[in-house]
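Input: a single structure, listed below in structure tokens.
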Amino acid sequence: MFPTFATSSNDWRFAGAFSFPAMTTPDPNSLPSNYDFAATEAEWYSRWSEHGVFTASAARAAQREPFVIVLPPPNVTAVLHVGHGLNSTVQDLLIRWRRMAGDEALWVPGTDHAGIATQNVVEKQIAVEGHTRFDLGREPFVERVEQFVAQTGGEILHQLKSLGSSADWTRTAYTFSPELSVAVREAFVRLWERGLVYKGHRVIHWCPRCGTSLSDEEAEFTETAGKLYHVRYLLADDAAQSITVATTRPETMLGDVAVAVHPDDARYAPFVGREVLLPITGVRIPVIADSYTDPTFGSGAVKITPAHDANDFDVGKRHALSMPVIIDADGIVREVELAAGRVPPSLAGLDRFVARDRIVELLTAEGALVKVEPHQHNVRHCYRCDTVVEPRLSDQWFVHMQPLAEKALAVLRSGQLRILPERWEAVYVNWLEGIRDWNISRQIWWGHRIPVWYCDACSSTAGTSTPIVSRDPVLFCPTCGGTVRQDDDVLDTWFSSWLWPFSTLGWPDRNSADLKAFYPGDVLVTAPEILFFWVSRMVMAGCWFLDETPFHTVYLHGTVRDMQHRKMSKSLGNGIDPVDVVRLYGADALRWTMVAGLGLGVDVMLDPDDLEKSFAPGRNFCTKLWNIGRFLLSRVGTEPVDPIGVLAPESLTAADAWILDRLDQAIADCDAALGPPRPSAHGAWTEAEKGRGLRLSEYAEAARRFVWNELADWYLESVKPRLATEGADREVARAVLAHAFDGALRLLHPIVPFITEALWQQLPQTPHPALLATAAWPKQRITRVLIGDAFEHTRETVQAIRKVRAEYNVQPGGWVDAILVASGPLATVLTAQLETIGVIARGRVVIAPIAPTGLASRIVLSNGVELVVPLAGMIDVAKERQRLDGEIAQLDKQLSALDGRLANEKFTAKAPPELVVAERAKAEEWRSRLEQLRAKLTALGE
RNA sequence: GGGUCGUUAGCUCAGUUGGUUAGAGCGCCACGUUGACAUCGUGGAGGUCACAAGUUCGAGUCUUGUACGACCCA
């Protein structure tokens, strides 16, 4: 059922062919002049699906190299945007490439339950009904979210199909499925058993709107124009003296427990150990010395609010200070904990930002506000709802990350893992080396409930509060048999997605066939934004739980931006809906546009206001390819062609040899741009191969150049007359034409799968193979038929004639006379080319041993041959002289530079000898050409 | 404040260990509908490789500094 791949055949065209019940072979002569991408894309996607092209097999993976990519799971409620389009195009390209190259290619798709994001969506829905989640209660709310997900979730996966994504949909996974939930609990329990999960009481990032804690990564910095308030705190024992502190958040002064100064700061030395009075409330707090204080910032004295600032929390711990909480979970100022007498009635119940304004007023009234300065600083915002994050003291679950980070660093250093572009490796290392513990508990309801239970009876009687941590639900206390209650918190969404590369393959079941066959995977394709959120955590999880990095390559692609270089986003309204693009221009046009513009790590610029212009490269390419195919196939016809391997070398023309050589070169260029697909030895990248491959735009350019600039522009033009005459040479031309186009379509298929499949089906193949999607990736010929560079002479001659024609505005239909002045072997080579040159350049071309005299346009070709185009009565002497003058001037300049270099003894002595020899030869060549040109100029003047 | 990187044609970018006359796509200019293709063809213009100094026979490429910019982290 699946193709075998020839290893030694010179003829890879049929190597991957496997027979299907005959498909209809429409007459290529009747291909419509306009490509119907909508119908074609729908038809071929369903045929690929029907034939199981996308479905990988663990059994087959034993016989060949597996190649595995896991899709970064989009949020289950997400709608496709152009970033997803870019991301999945890259993955599909790689998967299709490796599938053709003979790997057992597996692309695992799926979605993420996206705890906070999804909960927010449903909360907004019920808000319309005038309710909060608390009105509904936990279980009904979760049911409501489940319903919502069941009804609308996963739509994005269907949208991905319209882009041609060849993911294995039979393996579609979901981070909140029963199977993956098992993996989540397993991971939590294992980390607990190793002492790496713990419950901590500390200041975390709190989103008052979402009502939950956030990890460091989820609280994003935004540059904000704020104010720096300088507030005077009077000494308790001497109201004549004071300390001024600087703060950006005056409302937190209600929770101040100290003023800290640097121990070496002489200005404040006399105050240390004494007390100051908090303005407004009059609470007495000590002045302490702590080296955390930066004496150069603000006044050099800083207020300490341990419950509402992570750094202050550390200071508070060091000095055993109390930690009053004065802002509650909703962001309201009040006496929450240990704060009796700290919040005046006039401020209690106010929102934190309203309270800030009121406090500033009160401070001003009291005369405690010294000054206010404008101040640029970074403020953390919730990555889900953009609310300003409130640092808040609370109980949370953490993972102690350092042991995991060490493993993730080790695999990078050993070369088992690489990141492209390589500069991101430094960022990765930097982050892992300074890793902080991961807050994994969230105070929301939508997510994996933390697998921890408490027995109230035991903790009150025995005085132990040891939680019961379990893989399976706990119904009764194992100690006393009493009732238990489960921890209310759920796990961070990323705690399930960090297991994605193996939880989707059946882990923790070590005997899972998929896990054995497909772990570890190969490439992870994503944007740099989630390097820490997801990528590095997956590496840590893979290394920790399975002792192997989950992939050997991380490919970080650029971001899609608009013409002002702004990231495309819903809020800016500058997004592009890929579904629109597919509807207007087709998936292939979208894919080509993105891939062609995708330099390594480079952002893709698209104009949301001008889709036509933005996607013109892809649309134009597809149109051109369709026209090439339509014309070429109509000329080749439906009769079977000879396999290229059976053609006698001597039956090939210079053009045949040239295009076959160009195809070999294109294959080599594409392979070099894409590969190597995996480390060649011992699972680790060598220094030499580490930075190579995944140059997608180079791959696209190499394939484009071949099919457009070489096959269509030159070979197809040159072969027209041969096809018009019945006979052996026509059969050679047909065979070469079919072979070259077949190779081009194979090279292009990973980028533009639909149009290439549709065209490929029209090739006259025997036996008729089934699908390009599973055909073999092209290989260079082992034996090259070399006929020198005869066809290059043709190309240069044609271009020279065209230049003369353009110069003198010869009508396209008009024919010109041209004489090639040549003798010896070169004359022989050119003689064989005269007809071809004539047809392409529309010239009556002859060879002559001596240049004819008289007025003519004369061009010296690089092979020394003089091209003479008489153009009777049309030659403009001034124009000819100007052209020759220009050429002579430039060549003269270059030659003097070269001569200067050769005259430099240091150069001839120190440069590599072969270079010196080459440069001397070049100088001679230029000198003789210069003489030729000067002779022409002289002749012109006579 | 720390880290990483960038600055090459009007725009977006290649340029792999220093060594041909620095390339591509798009855009621009001229001509053109010759029976595949105007979503196209042919020809052409356009760059002191940010700036300064250094190493070298030789620098877009290596070193240092300056300017501007981007991204990540605190």
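The basis for the numbers below is simple: all heavy atoms, side chains too, and nothing from hydrogens, waters or symmetry mates.
A/E919 comes within 4.0 angstrom of no nucleic acid atom, judged by non-hydrogen atoms across all strands. Among the atoms of the strands shown, only primed sugar atoms or phosphate atoms (P, OP1, OP2) are found under 4.0 Å from some heavy atom of A/W708. Using a 4.0 Å heavy-atom cutoff across all strands shown, A/F532 reaches sugar-phosphate atoms only and no base atom. Heavy atoms of A/W626 sit nowhere under 4.0 angstrom from any nucleic acid atom. In this structure, A/P912 reaches the bases: a heavy-atom distance under 4.0 Å links it to at least one base atom across the strands shown. Among the protein residues, A/L898 comes within range of no part of the nucleic acid, since none of its heavy atoms lies under 4.0 Å from any strand. A/A911 comes within contact range of at least one nucleobase, with a heavy-atom separation under 4.0 Å. Using a 4.0 Å heavy-atom cutoff across all strands shown, A/E717 reaches at least one base atom of the nucleic acid. As judged by a 4.0 angstrom heavy-atom cut-off over every strand, A/R704 is placed among residues touching the sugar-phosphate backbone only.
Whole-Å rounding puts the A/K720 NZ to B/U34 P distance at 13 Å. Atom CG in A/D669 sits about 15 Å away from atom P in B/U16, given to the nearest Å.
Annotation: B/C11 and B/U16 have their P atoms spaced 23 Å apart (nearest Å). Here the separation of B/A9 from B/G46, taken at their P atoms, is 14 Å to the nearest Å. The P atoms of B/C26 and B/C68 are separated by 36 Å, rounded to the nearest whole Å.
Both key distances under 3.5 Å define a Watson-Crick or G-U pair, and stretches of 3 or more such consecutive pairs in RNA chain B run B:1-7 with B:67-73, B:10-13 with B:23-26, B:28-32 with B:40-44, B:50-54 with B:62-66.
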Q: Sugar-phosphate atoms are those with a prime plus P, OP1 and OP2; base atoms are the rest. Using that split, label each nucleotide of nucleotides 6-15 of chain B B, S or - for protein heavy atoms under 4.0 Å, 5' to 3'.
A: ------SSS-
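The side chain of A/R802 sits closest to B/U42 out of B/U34, B/A36, B/U42. Of all nucleotides listed (B/A36, B/G19, B/U39), B/A36 comes nearest to the side chain of A/R630. Among the nucleotides B/G19, B/A36, B/G43, the one closest to any side-chain atom of A/L915 is B/G19.
At least one donor-acceptor pair closer than 3.5 Å links the side chain of A/E796 to the backbone N or O of A/S862.
Applying side chain to side chain contact (heavy atoms under 4.5 Å, CB included) to A/V82 and the options A/V581, A/V560, A/D580, A/N87 leaves one that passes, A/V560.
Note on A/K624: a side-chain N or O is less than 4.0 Å away from OP1 or OP2 of B/G41. Between A/R635 and B/A36 there is a side-chain polar atom (N or O) within less than 4.0 angstrom of OP1 or OP2. Distances shown here put every side-chain N or O of A/N809 at or beyond 4.0 Å from the OP1 or OP2 atom of B/A30.
Interatomic distance, A/R423 CZ to A/L556 CG, rounded to the nearest 0.5 Å: 9.0 Å. Rounding to the nearest 0.5 Å gives a distance of 6.5 Å between CG of A/L930 and CD1 of A/I888.
Between A/D309 and A/V315, every side-chain heavy-atom pair lies at or beyond the 4.5 Å cut-off.
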